[in-house]
Student: 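I have a structure I would like to understand better, so I am pasting it below and will then ask my questions one at a time.
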Amino acid sequence: MPDPGSDSGPQHGGLTRILQLPRVMRFALSTTWSAAPVLLLTTVLLQLVSAATLVVQLLAGRRLLSGLLKNEESLSRLTPILVVLLVAFAVASMIAVSTSGLQHLLSERVSEYSMRRVLEAATTTELLDFESAELHNRLQRALMNAGSRPTQMTLGLVNVLSSLASSAALSIALIYLSAPLFAVAVVGSIPIWFLGLNASRALYDFAVRQTEPDRQRMYVQLLLTSRDQAKEVRAYLLGPVMLRRWRKLYSERIADLSSILRARVVRGLVGVLLTTAVLGLTLGVIVWMITHHRLSLSSAAAATAGLLLLSRQLQGLSSGVTSLYESALFMQDFQEFASRPEAVSGRHRWRSSRPAVSSPGAAPRLLPFDRLDVEDVSFRYPAGGRDALEHVSLQLRAGEVIALVGANGSGKSTLAKLIAGLYPPTGGTVRWNGHPYDVLDGDQVRAQLAVLFQDFIKFQFSVYENIALGRPGEHLLGNEDAVDRAADAAGAAELIARLPQGLQTQLGPQFVGGSELSGGQWQRIALARAAYRDSPVVILDEPTAALDPIAEASLFSHSRSIFRGKSVVLISHRFGSVRQADRIYVLNNGRIVEQGTHEQLTALNGEYATMYEAQRSSLIGDGASGL
Ligand SMILES: Nc1ncnc2c1ncn2[C@@H]1O[C@H](COP(=O)(O)OP(=O)(O)OP(=O)(O)O)[C@@H](O)[C@H]1O
């Protein structure tokens, strides 16, 4: 089975794979059981009944044939046997019909269960893990396979269960009719199984090998098909270049796949030849036994029918096991991912099951918010060659507004994510009310923070939901008044009033009836979401980047009232906003190089003063003097 921490999975020989079958089978059964226990039980029961009907049909057929051949039984004595035969046939056929419906339903349930586990794992995966290509490869395989593999596994499982039950029943009947014949048929079919299993592993290895190129191809596909990218692709005439890239990646995939499929077809053909040889051998043994009076004609006829049935069941078993093995390789791969996301990076994680803040006992108290301290914090991205933050310290006290300023890439957004508890520092500590983040429950801390990111989500939902999602713990509906107040505070009330259905207007033209907003209007909605969250600490990363000057001025004259009583971390390149902060921290190459009030920093005549002066003089030409 694949190792959850590796992207390639171990290599095993054919015998090891056969030995793994019970484990694969157990895994398939336990997954299906977790997803749909009643459906699985019903299916198993039906397969057992169906297997029993096979034996009944076979033995009743033999009894009927023997009576007819001896020509000594009256029709009235044969009639009950005929009825038994017909009833057994009808029951088997009815079970076959209902099994297909059950299988369909079972597959859907297993698909839903598997996809849900992948999505749950994805939502609880730490933000830092999304920086790792390995996580994306595994996630990609999980998502790709969660759709089709559960169906394949369920079909494989039902086939295996039904073939196993039928083969066992037929074997008993055949041993009763002629043990040597049975031995020839079973021993002859063993090599066919090995062939199928080898092919399964080759396909799995192919999928692992192709995950990264597949992701690259899908990325290019997204560039060619998504609404957000469409304008730039057209403006730069990128279509043909991207298409060529996409075709190259696809051709490489097809070339890799075709060599595997060729080998698979060859194995299949060898399998057919072997099956035919086994059948020929057994029929030869039957003829020999009849001519040497070792088998009566009626037993021979029943045994031939039984052997043909057994051969079909064994073929079903072989293909069932193959598809079970193949799908279980993929399923187990992503279920291990789903149950152990931390195996991806093994880095420090938040404690996840701390008692709630309000519960009595030793749990550190998060409320009321008193202070947040960043102490000598360093941070390096997994893919980064150097530290994005080095020995950074700052304080935020209740009710304060602090600002982070600095050139592009100086580390402001990274610091904001550390303050928000989204990344764990690689050195130093972040404390909430004096408690280090790593002894607190991450979800509890994040519940006390509102963050407005530079690239906030534009939910393609209604305006109301866009704002109400600020407090996902609450029932989304029925909070119109509070949502209205947040919209008003963020300067979005007027734009909402102009929308066709006000708060209930669907946003984004991807869905029927959706209205699109401008960048600045979207920003006001995102700001309303942050205000609606009503958390003691608010982090605003470039909250006014898309706002027009009047809206920006209005936002900052109102910011104290929007976030009245809150503690605010503000990141901005606009000094008109920054100057109102209680304390300003200036970052340069991941370090804090200056700190103080606007007046102190301009008097210092250092980096802040230079940046401020540069912005001021660039605006003075336009007649702006507000800085
Ligand atoms: N996901 C990442 N992986 C690796 N390095 C990163 C990642 N994100 C940011 N960096 C690096 O970390 C440094 C700080 O980036 P950050 O986004 O914090 O800067 P910033 O001050 O917010 O910049 P800006 O003003 O442009 O928004 C940069 O050198 C950047 O290249």
Side-chain angles (χ1 to χ4, degrees), residues 1 20-57 87-124 142-172 200 309 312-341:
M1 286 296 105
Q20 282 174 347
L21 275 179
R23 197 177 145 195
V24 168
M25 186 86 179
R26 258 202 321 276
F27 167 76
L29 271 172
S30 71
T31 307
T32 315
W33 176 257
S34 312
V38 177
L39 281 178
L40 178 63
L41 263 185
T42 316
T43 310
V44 170
L45 277 177
L46 287 180
Q47 296 317 312
L48 288 177
V49 175
S50 165
T53 61
L54 272 183
V55 178
V56 171
Q57 287 180 71
V87 168
F89 173 78
V91 169
S93 307
M94 284 192 271
I95 289 179
V97 170
S98 22
T99 301
S100 77
L102 275 177
Q103 262 178 0
H104 197 143
L105 208 55
L106 202 56
S107 302
E108 284 292 318
R109 296 286 286 271
V110 179
S111 285
E112 185 273 339
Y113 171 79
S114 308
M115 188 57 114
R116 176 161 39 92
R117 291 200 53 196
V118 173
L119 295 179
E120 278 166 3
T123 50
T124 53
L143 289 172
M144 292 263 296
N145 291 310
S148 62
R149 299 292 170 185
T151 306
Q152 190 190 1
M153 191 183 77
T154 316
L155 291 183
L157 184 67
V158 174
N159 274 345
V160 167
L161 289 175
S162 122
S163 305
L164 267 181
S166 303
S167 303
L170 284 169
S171 300
I172 294 167
S200 312
L309 281 174
R312 220 177 59 203
Q313 292 304 331
L314 289 179
Q315 268 176 20
L317 190 58
S318 163
S319 75
V321 163
T322 304
S323 81
L324 188 60
Y325 186 82
E326 185 177 304
S327 52
L329 280 172
F330 288 96
M331 292 278 292
Q332 197 150 16
D333 183 29
F334 81 73
Q335 291 221 349
E336 278 175 15
F337 159 79
S339 51
R340 294 175 54 198

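Note that the structure is a prediction, hence the values are computed from the model and not measured. These numbers come from the heavy atoms of this one structure, side chains and all, not from hydrogens, waters or symmetry mates.
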Student: Only counting residues at least two apart or in another chain, list the ones meeting side-chain hydrogen bond (donor to acceptor under 3.5 Å, both in side chains) with Ser171.
Tutor: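 Here no residue qualifies.
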
Student: Residues two or more places apart in sequence or in another chain: which of them pass side-chain hydrogen bond (donor to acceptor under 3.5 Å, both in side chains) with Glu120?
Tutor: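 In terms of side-chain hydrogen bond (donor to acceptor under 3.5 Å, both in side chains), with neighbours along the sequence ignored, Glu120 is linked to no residue.
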
Student: Does Thr42 use its side chain to pair, donor to acceptor, with the backbone of Val38 at less than 3.5 Å?
Tutor: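 Yes, Thr42 side chain to Val38 backbone: donor-acceptor pair under 3.5 Å.
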
Student: Does any N or O in the side chain of Ser166 come within less than 3.5 Å of the main-chain N or O of Ser163, such that one atom is a donor and the other an acceptor?
Tutor: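 Absent.
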
Student: How many angstroms lie between OG in Ser111 and CZ in Arg116, if you round to the nearest 0.5 Å?
Tutor: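 Answer for the OG-CZ pair, Ser111 versus Arg116, is 12.0 Å.
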
Student: Taking the side chain as everything from C-beta on, heavy atoms only, tell me whether Val91 gets closer than 4.5 Å to Ile95.
Tutor: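 Yes, side chains in contact.
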
Student: Can you tell if the side chain of Leu105 reaches within under 4.5 Å of the side chain of Leu39, non-hydrogen atoms only?
Tutor: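 They are in contact (side-chain heavy atoms under 4.5 Å apart), so the answer is yes.
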
Student: For Leu29 and Leu40: C-alpha separation, side-chain torsions, deciding distance, then whether side chain to side chain contact (heavy atoms under 4.5 Å, CB included) applies.
Tutor: CA-CA 8 Å; Leu29 271 172; Leu40 178 63; 4.0 Å; yes

Student: Under the side chain to side chain contact (heavy atoms under 4.5 Å, CB included) criterion, do Leu157 and Leu161 qualify, and how do the steps go?
Tutor: CA-CA 6 Å; Leu157 184 67; Leu161 289 175; 4.2 Å; yes

Student: Determine whether Gln57 and Leu309 make a side-chain contact, defined as any pair of heavy atoms from C-beta on separated by less than 4.5 Å.
Tutor: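 With C-beta onward as the side chain, the pair stays apart.
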
Student: If the test is side-chain contact (heavy atoms from CB on, under 4.5 Å), which one of Leu45, Thr43, Val44 qualifies with Gln47?
Tutor: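 Single side-chain contact (heavy atoms from CB on, under 4.5 Å) partner of Gln47 among Leu45, Thr43, Val44: Thr43.
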
Student: Could you give the distance from CE (Met94) to OG1 (Thr53), rounded to the nearest 0.5 Å?
Tutor: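 Output value for this atom pair is 10.5 Å.
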
